[in-house]
Amino acid sequence: MPTAAAPIISSVQKLVLYETRARYFLVGSNHAETKYRVLKIDRTEPKDLVIIDDRHVYTQQEVRELLGRLDLGNRTKMGQKGSAGLFRAVSAFGVVGFVRFLEGYYIVLITKRRKMADIGGHAIYKIEDTNMIYIPNDSVRVTHPDEARYSYDLSHSLQYNLTVLRMPLEMLKSETTQTRQESFDIFEDEGLITQGGSGVFGICSEPYMKYVWNGELLDIIKNTVHRDWLLYIIHGFCGQSKLLIYGRPVYVTLIARRSSKFAGTRFLKRGANCEGDVANEVETEQILCDASVMSFTAGSYSSYVQVRGSVPLYWSQDISTMMPKPPITLDQADPFAHVAALHFDQMLQRFGSPIIILNLVKEREKRKHERILSEELVAAVTYLNQFLPPEHTIIYIPWDMAKYTKSKLCNVLDRLNVIAESVVKKTGFFVNRPDSYCSILRPDEKWNELGGCVIPTGRLQTGVLRTNCVDCLDRTNTAQFMVGKCALAYQLYSLGLIDKPNLQFDTDAVRLFEELYEDHGDTLSLQYGGSQLVHRVKTYRKIAPWTQHSKDIMQTLSRYYSNAFSDADRQDSINLFLGVFHPTEGKPHLWELPTDFYLHHKNTMRLLPTRRSYTHWWTPEVIKHLPLPYDEVICAANLKKLIVKKFHKYEEEIDIHNEFFRPYELSSFDDTFCLAMTSSARDFMPKTVGIDPSPFTVRKPDETGKSVLGNKSNREEAVLQRKTAASAPPPPSEEAVSSSSEDDSGTDREEEGSVSQRSTPVKMTDTGDSAKVTENVVQPMKEVYGINLSDGLSEEDFSIYSRFVQLGQSQHKQDRSSQQLCSRCPDGVIKLTPISAFSQDNIYEVQPPRVDRKSTEIFQAHIQASQGIMQPLGKEDLSMYREYIRNRYL
């Protein structure tokens, strides 16, 4: 029995929808198009959804025969070739789900996607476009006058539905990224016991439904179809950049998962609902992996998770007054912190202990505004902590970030760095390899104080940092960046990439990480607040240029406009998409409701089960396994969420090599994702030759690659340097990316090109300026090599060079003449005895290769085969071919 199981790869990754008058046939296949599944959808039912899945795996030949029979059987006249009975409606990459308003059901398909990240060979895609198709036939369709008012928004892409400003909706393709850390390795051994036998096992887990946004759309078919048809999507952010450490690629990935519970827009969703779900709750995970090894089992991976979310109380803000900062109101009295208890119980179950709260709201105000939330939160945490065991109490850290920002004597980021160090030391982080030997020999003081759970295979993160301000946007993003920067230093140290767990500002690594977090903050701010970040990391470092103030004013106005005029429509579309509101004939429509308070607070519509104890407010099973999170503990409840299946070693469902490299497809370097992503060497490292290429070297602001591209006077020089550089080609400009998306929006073509839209477009120079550009590029020899070669060499330099030559000559066997030459070397040169057992091949002469007889016969047989002369197959060839056919098709 193997000690590890491979993640199961879905066999439905390409879809084609075929149409007849009475049926829809959805044909799904894997990337290699060797395995197919077929769904039959009935079109004769006006309001019911009838789906039939025979759960049979077809070959390519069987599918062609099936479609041919369907085409022949649905023609108007038997044998008539002029009118086809089977039409190809659309090609797609996945099923978002099925939705019904007032008429029949619609099927929502993903018709366009873009690759965003690679994690261990598993791809993460962004949904670029969708297509919503009405299922019932026109002959049975029962029209309703208000149907178009519901289906208008869903006919566009999902990113348009969820955010007015067309922000991305990320698609998490592989099951491994749906669970935090290495949940597969945690449950493997227990899952295999029930299977028995030997072979290769595949394993997959149910997704964490709190962060799944199309769960309601798939719920109607979840128990009817095979699990390969179910494609779960998340909403949030995904970004990936490449950190080059002296040529060694390290991928830095940032994934944000937005909660689908109590979801909405800024002023319309505040606080928490009756089930403990808070508004604007986002789980952010930063993943660090050594890209030189792709495998999850053999590679080095590390991750750190933190959370943001609204203050878990019953509170809101009245926007009817049209004020920039509406007054904060506590809607319900909660003396026993019931809603906060439910929220922190969820966090203990998912993250373990300790739960650390970083509260950034204002503490001192002339008129009470944000301080109302601080006082209530302190009272709730104090009440809940008196019943928890002392080692698992909730840690509360209040810090008025706005007050310290206004002070000229205080450095905001220095104080945040101190908080970040204490937080990371308490929670630890995840890494899938034990401590390196060098860290054991020369342990760092900070490393020995690190918390978390140490296991034989690495470390586990126990507990999580929960950061909040009022909106959980600007201040929260900066605080999360500082904590993430501190955790990144520990992650790099654990993988043996730096000698001390410390990173400084103005290095290529921190600049790359800061840009990722700014894109992360902009995306989340657009989704919740309607505009990008107003205050960024540079604002709190007080190094932002003066032009940034005008941009901040524009972002503030954009946020105010969005909150005042478009948030209500966005909130209605979110409620409809998530299934919070179900259109029903005879009841008020969504736009006729005065408020959606009753939709999100279920205790207002019906009596809920009895309340929990006011003292033992936690789930009993959760508290037993702390500090480990209950979701990652091996128990019967968690084992039910796993699916373990036995596969042959050649099965494609567990072959991550074929899934990632796709040897059956034509690949182009221009379209390779790893070459197009943002790179520290290409986009951040200075272009001047001779500067230290380490991404951990502190640089001046005018030395970065970004500033070179932004400076018009050095634009031509940057172009030529990019042409001659050995790194990957630059990513396309924003104009090229946006135009390609618009031009191909009507097709089903998959875009796997550049994801990075952050680099400045580069303009090629004219021919007349070529001489001037070349003159600028040529640099003095002293600046390039550190020495002027035209000057005579000193005796010390000549001695060093002679030793270098002698070392090179000693790598191979030398003849007598060379040995005699070496005997007459100057007295300071080291004499080494040649001990190499290699051949005489060197940079001066190469022996011709010797080809054995068998290789010659194989080559001659290959030449004869091209001329039509085939060699008879031997027994080994026949047995190998039969084994291949049996494993692949039978």
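Positions are given from 1, in the same order as the sequence printed here.
The two residues L231 and L218 come nearest to each other via the heavy atoms O-CD1, 3.6 Å. Residues R570 and S573 share a closest heavy-atom pair of O-OG, 2.7 Å. Considering every non-hydrogen atom in both P46 and P136, the closest pair reads O-CG, 3.6 Å. For the residue pair V12 and D228, the shortest heavy atom distance occurs at CB-O, 3.5 Å. Scanning all heavy atoms of the two residues, the minimum distance from D118 to A123 falls at OD1-CA, 3.7 Å. Nearest approach of Y134 to Y105, heavy atoms of both residues: CD1-O, 3.8 Å.
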Legend entry - Residues I574, V580; criterion side-chain contact (heavy atoms from CB on, under 4.5 Å); working and verdict: CA-CA 8 Å; I574 291 174; V580 178; over 6 Å; no
Legend entry - Test side-chain contact (heavy atoms from CB on, under 4.5 Å) applied to R475 and V470, step by step: CA-CA 9 Å; R475 287 174 282 181; V470 177; 4.1 Å; yes
Inset, instruction - Check step by step if side chain to side chain donor-acceptor pair (under 3.5 Å) holds for D345 and Q349. - result: CA-CA 6 Å; D345 186 38; Q349 179 174 346; over 6 Å; no
Inset, instruction - Mind running side-chain contact (heavy atoms from CB on, under 4.5 Å) on L524 and N477 for me, showing each step along the way? - result: CA-CA 9 Å; L524 298 181; N477 196 72; 5.5 Å; no
Inset, instruction - Assess whether side chain to side chain donor-acceptor pair (under 3.5 Å) is satisfied between H343 and D277, documenting all intermediate values. - result: CA-CA 6 Å; H343 176 69; D277 302 312; over 6 Å; no
Legend entry - Worked check of side chain to side chain donor-acceptor pair (under 3.5 Å) between D471 and N280: CA-CA 8 Å; D471 297 324; N280 195 22; over 6 Å; no
Legend entry - Full working for side-chain contact (heavy atoms from CB on, under 4.5 Å) between T284 and V305: CA-CA 6 Å; T284 300; V305 179; over 6 Å; no
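In this structure, a donor-acceptor pair under 3.5 Å is present between the side chains of Q240 and T253. A donor-acceptor contact closer than 3.5 angstrom is absent between the side chains of N638 and D631.
Taking A279 as the reference, F262, K269, S310, Y528 meet the side chain to side chain contact (heavy atoms under 4.5 Å, CB included) condition, with sequence neighbours excluded.
Using a 4.5 Å heavy-atom cutoff, the side chains of L578 and E216 are not in contact. Contact annotation: the side chain of D42 never approaches that of I51 to less than 4.5 Å [non-hydrogen atoms, C-beta and beyond]. Side-chain atoms of L109 and V96, non-hydrogen and from C-beta on, never get closer than 4.5 Å to each other. Proximity of L230 to I221: side-chain heavy atoms (C-beta onward) are separated by under 4.5 Å at one or more points. Taking the side chain as every heavy atom from C-beta outward, I357 and F344 approach each other to under 4.5 Å. For the pair V307/L465, no side-chain contact is recorded, criterion being any heavy-atom separation below 4.5 Å from C-beta on. Between K47 and E103, the closest side-chain pair of non-hydrogen atoms is not below 4.5 Å. With a 4.5 Å cut-off on side-chain heavy atoms, W229 and L26 count as touching.
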Only pairs under 3.5 Å count here: list side-chain donor-acceptor contacts from residues 326-333, not counting sequence neighbours, and write none if there are none.
from : atom 1 : to   : atom 2 : distance (Å)
D331 : OD1    : S316 : OG     : 3.0
D331 : OD2    : S316 : OG     : 3.1

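Screening L39, N137, I133 for a side chain to side chain contact (heavy atoms under 4.5 Å, CB included) involving Y24 leaves a single residue, I133.
Remark: Y314 OH to N273 CG distance equals 7.0 Å, nearest 0.5 Å. Distance check: F581 CZ to N575 CG gives 9.0 Å after rounding to the nearest 0.5 Å. The CG atom of L590 lies 4.0 Å from the CG atom of D572; values are rounded to the nearest 0.5 Å. Taking CG of L17 as the start and OG of S91 as the end, the distance is 9.0 Å to the nearest 0.5 Å. One distance of note links CG of L348 with CD1 of I355; it measures 5.0 Å at 0.5 Å rounding. Rounding to the nearest 0.5 angstrom, the gap separating the CE atom in M116 from the CD1 atom in I127 is 12.0 Å.
Side chain of D522 to backbone of L533: a donor-acceptor contact under 3.5 angstrom is found. Side-chain atoms of Q286 never come within 3.5 Å of backbone atoms of S303 as a donor-acceptor pair (strictly under, hydrogens ignored). A donor-acceptor contact shorter than 3.5 Å links the side chain of Q13 to the backbone of S10. Side-chain atoms of R308 do not come within 3.5 Å of backbone N or O of R466 as any donor-acceptor pair. One N or O on the side chain of Q571 and one on the backbone of A263 form a donor-acceptor pair closer than 3.5 Å. For Q461 (side chain) and G463 (main-chain N/O), a donor-acceptor pair under 3.5 Å exists by modelled atom type. At distances below 3.5 Å, not a single donor-acceptor pair connects side-chain atoms of W617 with backbone N or O atoms of L342. A donor-acceptor pair is defined here as one N or O able to donate and one able to accept, closer than 3.5 Å; such a pair exists between the side chain of H601 and the backbone of F597. Looking only at distances, a side-chain donor or acceptor of D334 sits under 3.5 Å from a matching main-chain atom of V339. A distance-only check finds no donor-acceptor pair linking the side chain of N214 to the backbone of G97 [under 3.5 Å].
Ring planes of F101 and Y106: tilted class, angle from 30 to 60°. Taking the six-membered ring where tryptophan is involved, the planes of W213 and F577 are tilted, since the angle between them lies from 30° to 60°.
The pair E283-K210 does not count as a salt bridge, with every side-chain nitrogen at least 4.0 angstrom from each carboxylate oxygen. E285 and R257 are joined by a salt bridge, as a carboxylate oxygen and a charged side-chain nitrogen come within less than 4.0 angstrom of each other. Ion pairing between a basic and an acidic side chain is recognised when a charged N comes within 4.0 Å of a carboxylate O; R37 and D53 show no such pairing. Salt bridge annotation for E128-K126: present, with a cationic side-chain nitrogen under 4.0 angstrom from a carboxylate oxygen.
With a 6.0 Å cutoff to the six-membered ring centre and a 45° limit on the axis angle, R350 does not count as a cation-pi contact of Y630. Remark: R258 fails to qualify as a cation-pi partner of Y211 under the 6.0 Å distance and 45° angle criteria applied to the six-membered ring.
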